[in-house]
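Some notes on the structure that comes next.
Along the sequence shown, residues are numbered consecutively beginning with 1. Here the structure is a predicted model, which means the values were calculated and not measured.
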Amino acid sequence: MKIIIAGAGDVGFHLAKLLSYESQDTYIIDFDGDKLNYINNHLDVIAKKGDATSISLLKEVGVDSADLLLAVTESQNTNFTISVIGKSLGAKKTIARINNPEFLKNDDIDFKAFGVDFMISPEELAAEEIKMLLNQSSFNDTVTFENGLFNVMGTTLDYKSPLLDMTVKDAKDTFSNVDFITIAIKREGVSQTIIPRGDTEYKLNDQVYFSVPHYSVDDLYPIVGKEHLNIKNVMILGGSSIGSKTARNLCKENFKVKLIEKGKEKSLSLAEELHDTLLINGDGRDIELLEEENIREMDAFVAVTGDSETNIMSCLVAKSKGVKKTIALVENMDYINISQTIGINTLINKKLIAASSIFRHIRKGEILALANLHNIDAEVFEYEVLPNAKVTKKPIKELRFPRDAVFGGIIRDGKALMSFGDFQIRTGDKAIVFCLPEAISTVEDLFR
């Protein structure tokens with residue numbers, strides 16, 4: 001599969017990194033020589049310096065034979081231009097990163113007719129992610145499949161968890177009345193993600209990811225030592241597009257929302273748009289202001305200003321005032337792995353979310369969905385099992401499944417089924433698989 005990425009920023013780099021594990025025929029174009037040098041030294045992709053709107057450059061990299069052209073620069077207009085030119089020159093499929101969410105809900109213009117096959121808004125995706133995290137408030141990461149039939153849920157184990165010092169096998173035996181599969185563990189001081197086996201022990205401060213069918217979600221809370229938090233009152237810091245979209249989403253689901261915005265004109269504009277949200281014009285870094293606005297009565301605090309450090313520090317202040325759930329937006333992807341260490345429930349990065357969403361268009365085989373877990377450089381896939389796929393030939397325990405991957409469950413005829421060793425996968429099943437990058441190609445081969 002030949003893929004051309006226009007833009008070597010965070011979204012483009014993360015996409016190139018994911019693709020480099022698979023030996024895809026990948027090109028990345030950017031003006032910034034330093035970024036391209038870094039990519040050349042670290043990733044197995046072809047980096048080209050120049051303007052991705054240049055017809056001659058696109059021809060030089062063979063856009064006419066490209067299966068996919070990804071326009072993910074910082075500029076929406078540039079991305080549209082690249083997509084239109086690339087499609088006209090023969091690219092089979094184009095995806096453009098956009099900033100204006102109005103384009104996503106538009107029935108008046110057929111963008112495909114102009115050459116833009118698919119559009120993605122990092123801000124829209126981040127707002128949806130925040131809403132989902134607040135709905136599963138005791139967990140710091142949640143991904144749903146098939147409208148919640150299966151859920152991948154992550155949390156940090158504290159001293160209240162009955163799982164501490166148990167092995168995975170012991171936990172399964174002890175809580176045999178609850179269906180769950182432990183798919184990954186991120187341990188303090190250990191860079192490598194642990195794919196748990198039966199003798200793997202749960203330790204204090206482990207960030208653990210479980211795959212859970214819908215009927216077992218409530219039963220998982222006591223096992224991990226958490227209570228189901230009733231989130232109702234939410235304070236949002238920052239009237240950015242993510243902040244306003246999050247407020248709108250939450251108000252639709254009857255959350256009580258206060259939004260703090262520093263700019264006076266922006267506050268007045270948002271007040272006209274967000275009728276069910278209480279708008280406060282002020283500096284959210286001002287602890288006195290937060291106290292005046294009853295931060296101690298808030299169930300959740302969401303910081304989505306354009307400054308990562310402000311978001312992190314304000315969340316730490318909120319935590320110190322007793323707020324149960326804190327979510328901070330960060331621009332630097334290197335921050336993502338430190339959320340549990342510094343005491344914030346969840347750090348999110350809109351570009352990482354966007355890259356994961358785009359990545360599902362790249363997959364070989366029948367990938368129905370793909371998600372990225374916040375603290376782990378790995379993916380959760382939902383595969384549709386094709387006729388005569390290798391996974392249908394033997395029970396799971398005999399499949400020689402790679403050690404760097406694990407089944408999270410099977411959906412068959414609208415029902416959630418547990419995928420333990422004796423389970424036989426059938427054609428038409430939907431399989432949830434957690435996979436580290438180095439195992440992706442092996443897993444894909446099994447689903448062919």
Starting at [atom1] of [X], measure out to [atom2] of [Y] and round the result to the nearest 0.5 Å.
X      : Y      : atom1 : atom2 : value
Ile95  : Ile82  : CD1   : CD1   : 13.5 Å
Gln424 : Thr392 : CD    : OG1   : 7.0 Å
Leu352 : Leu347 : CG    : CG    : 11.5 Å
Ile98  : Ile120 : CD1   : CD1   : 9.0 Å
Phe447 : Lys390 : CZ    : NZ    : 12.0 Å
Ser419 : Arg412 : OG    : CZ    : 11.0 Å

- request: Going by the side chain to side chain contact (heavy atoms under 4.5 Å, CB included) test, name the single residue among Thr182, Ile195, Ile181 that passes it with Phe434.
  value: Ile195
query: Can you name the one residue among Ile4, Ile28, Leu15 that meets side chain to side chain contact (heavy atoms under 4.5 Å, CB included) with Leu70?
result: Leu15
I'd like to check [X] versus [Y] (side-chain heavy atoms, cut-off strictly below 4.5 Å). Are they in contact?
X      : Y      : value
Ile344 : Ile312 : yes
Lys430 : Val385 : no
Asp158 : Leu164 : no

Salt-bridge test for [X] and [Y]: reply yes if a basic N is under 4.0 Å from a carboxylate O, no otherwise.
X      : Y      : value
Asp299 : Lys325 : no
Lys92  : Asp67  : yes
Lys59  : Asp64  : no
Glu123 : Arg97  : no
Lys131 : Glu129 : no

Distance-only, no hydrogens or angles: does the [X] side chain make a donor-acceptor pair with backbone N or O of [Y] under 3.5 Å?
X      : Y      : result
Ser314 : Thr310 : yes
Asn349 : Glu331 : yes
Thr142 : Met132 : no
His14  : Asp10  : no
Lys319 : Lys324 : yes
Asn41  : Asn37  : yes
Asn151 : Met153 : no
Asn140 : Thr346 : no
Thr94  : Leu69  : no
Thr200 : Arg197 : yes

Lys48 vs Asp30, salt bridge (Lys or Arg N to Asp or Glu O under 4.0 Å): CA-CA, chis, key distance, verdict: CA-CA 7 Å; Lys48 297 288 288 185; Asp30 202 283; over 6 Å; no
Intermediate values then yes/no, side-chain hydrogen bond (donor to acceptor under 3.5 Å, both in side chains), Thr167 and Asp199: CA-CA 5 Å; Thr167 64; Asp199 58 355; over 6 Å; no
task: Determine, stepwise, if the pair Ser216 / Asp179 fulfils side-chain hydrogen bond (donor to acceptor under 3.5 Å, both in side chains).
output: CA-CA 6 Å; Ser216 286; Asp179 282 339; 4.8 Å; no
So with a 6.0 Å cut-off around [atom1] of [X], is the heavy-atom count from everything else above 12?
X      : atom1 : value
Asp173 : CG    : yes
Phe114 : CZ    : no
Arg426 : CZ    : no
Met418 : CE    : yes
Asn147 : CG    : no
Lys49  : NZ    : no
Glu253 : CD    : yes
Glu128 : CD    : yes

task: May I have the step-by-step check of side-chain hydrogen bond (donor to acceptor under 3.5 Å, both in side chains) for Thr326 and Asn345, ending in yes or no?
output: CA-CA 5 Å; Thr326 53; Asn345 295 109; 3.2 Å; yes
- request: Apply ring pair (Phe, Tyr, Trp, His ring centres under 6.0 Å) to Phe407 and list each qualifying residue two or more places apart in sequence or on a separate chain.
  value: Phe401
- request: Not counting sequence neighbours, which residues clear ring pair (Phe, Tyr, Trp, His ring centres under 6.0 Å) with Tyr221? List them please.
  value: Phe139, His228
Which heavy atom of [X] sits nearest to which heavy atom of [Y], and what is that distance?
X      : Y      : answer
Ala8   : Lys35  : O-CD, 3.5 Å
Asp429 : Phe423 : OD2-CE2, 4.4 Å
Pro395 : Asp422 : CB-O, 4.0 Å
Ala303 : Asn311 : O-CG, 3.4 Å
Thr427 : Asn388 : OG1-N, 4.1 Å
Ile183 : Ser211 : CG2-CB, 4.0 Å

field: Verdict with supporting geometry, Ser75 and Thr73, side-chain hydrogen bond (donor to acceptor under 3.5 Å, both in side chains)
entry: CA-CA 5 Å; Ser75 166; Thr73 73; 4.9 Å; no
message: Run Phe111 and Met119 through side chain to side chain contact (heavy atoms under 4.5 Å, CB included) and show every step you take.
response: CA-CA 9 Å; Phe111 287 101; Met119 291 177 285; 3.5 Å; yes
task: Determine whether the aromatic ring centres of Phe145 and Phe150 lie less than 6.0 Å apart.
output: no
query: Which residues pass the salt bridge (charged side-chain N to carboxylate O under 4.0 Å, His left out) test with Glu124, sequence neighbours left out?
result: Lys105, Lys245
- line: Taken in chain and number order and not counting sequence neighbours, the residues that satisfy salt bridge (charged side-chain N to carboxylate O under 4.0 Å, His left out) with Arg187 are Asp206
field: Where at least one partner belongs to residues 153-206, residue pairs that pass ring pair (Phe, Tyr, Trp, His ring centres under 6.0 Å), sequence neighbours excluded
entry: Phe180-Phe210
- prompt: If you look only at pairs with a residue in residues 210-219, which of them pass as a salt bridge (Lys or Arg N to Asp or Glu O under 4.0 Å), with sequence neighbours excluded?
  reply: none
